[in-house]
Amino acid sequence: HRPGKNLRLLRVIEALASQVLRFDAELAAQRPLTPLHLEHELTRTLTLPSGRTLTLKGRLDRIDRHGPTRRFIDYKTGHVAELPKSLAAEQVIERLFTGDEHPEVRQGGLYAWLMNDDLAMAEGQLEVLIYPMRWLQQGPMPITRQANVAEAWPLFEPRLIALLSELLAPAVPFVQKKDEQRCDYCPYYRLCYGL
């Protein structure tokens with residue numbers, strides 16, 4: 001029984017890998033595409049207004065160079081809610097830092113910040129993409145777009161500092177928000193609710 005399940009899983013993985021390679025071949029036909037890193041660890045320090053210094057880390061699935069543009073790619077197996085295509089810079093930043101609708105987008109923005117290349121962002125030469133495995137046939141989903149990244153990027157770090165300052169402020173109470181769909185599957189459910 002188990003070997004059959006493993007064989008089906010292998011077939012799914014092969015199909016997904018073939019689709020990713022097809023997308024890469026299409027990009028390489030337009031201009032040179034060079035894989036630079038896989039499972040690349042990113043680290044950057046940040047000093048909060050309180051004087052506290054934090055070291056933030058992330059592990060990015062893949063970094064490519066496509067012509068003059070670097071591509072940050074994160075593969076996602078779960079649900080991914082797509083960002084609307086015509087957002088102003090302020091709206092992009094607002095969606096990154098509020099609500100739970102786009103956590104993978106927030107993660108992509110953080111990866112770009114961790115790379116610490118403000119010039120590339122200012123010139124729109126950095127793409128952050130998600131490959132949603134559930135809808136891979138539709139292609140990669142861009143988090144950043146050249147049209148809005150240059151305007152949005154200067155707004156990212158101040159919002160990150162504000163968010164981290166609030167999370168670490170002893171005077172601000174931490175309020176657990178129960179989300180039935182997520183909490184039921186969370187391994188830390190008992191810690192949060194004292195069960």
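Hydrogens, waters and symmetry mates are skipped; everything else that's a heavy atom, side chains included, is used. Please read these numbers as outputs of a predicted model, since none were measured by experiment. Numbering of residues begins at 1 and proceeds along the displayed sequence.
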Is any side-chain heavy atom of [X] less than 4.5 Å from a side-chain heavy atom of [Y]?
| X | Y | result |
| --- | --- | --- |
| T43 | E41 | yes |
| L16 | Y75 | no |
| L10 | E14 | yes |
| L160 | L110 | yes |

Quick one: which of D64, D61, V128, I130 gives a side-chain contact (heavy atoms from CB on, under 4.5 Å) with I73? D64
If Ile, Leu, Val, Met, Phe, Trp and Tyr residues are connected whenever their side-chain heavy atoms lie under 4.5 Å apart, and connections chain through other members, are L46 and F156 in the same group? yes
Side-chain heavy atoms under 4.5 angstrom apart, residues restricted to Ile, Leu, Val, Met, Phe, Trp, Tyr: same cluster for L164 and V172? no
For the residue pair [X] and [Y], what are the closest heavy atoms and their distance?
| X | Y | result |
| --- | --- | --- |
| L33 | R71 | CD1-NH1, 4.0 Å |
| R31 | T69 | NH2-OG1, 3.9 Å |
| G58 | L114 | N-CD1, 3.7 Å |
| Y111 | L60 | CD1-CD1, 3.3 Å |

Give a yes or no on whether the backbone of T34 and the side-chain of R65 come within a donor-acceptor separation of less than 3.5 Å. no
Please report the interatomic distance [atom1]([X]) to [atom2]([Y]), rounded to the nearest 0.5 Å.
| X | Y | atom1 | atom2 | answer |
| --- | --- | --- | --- | --- |
| L38 | R59 | CG | CZ | 11.5 Å |
| L54 | S165 | CG | OG | 8.5 Å |
| H66 | D24 | NE2 | CG | 9.0 Å |
| R8 | I13 | CZ | CD1 | 13.0 Å |
| L42 | L56 | CG | CG | 11.0 Å |

R52 atom CZ, over 12 foreign heavy atoms within 6.0 Å: no
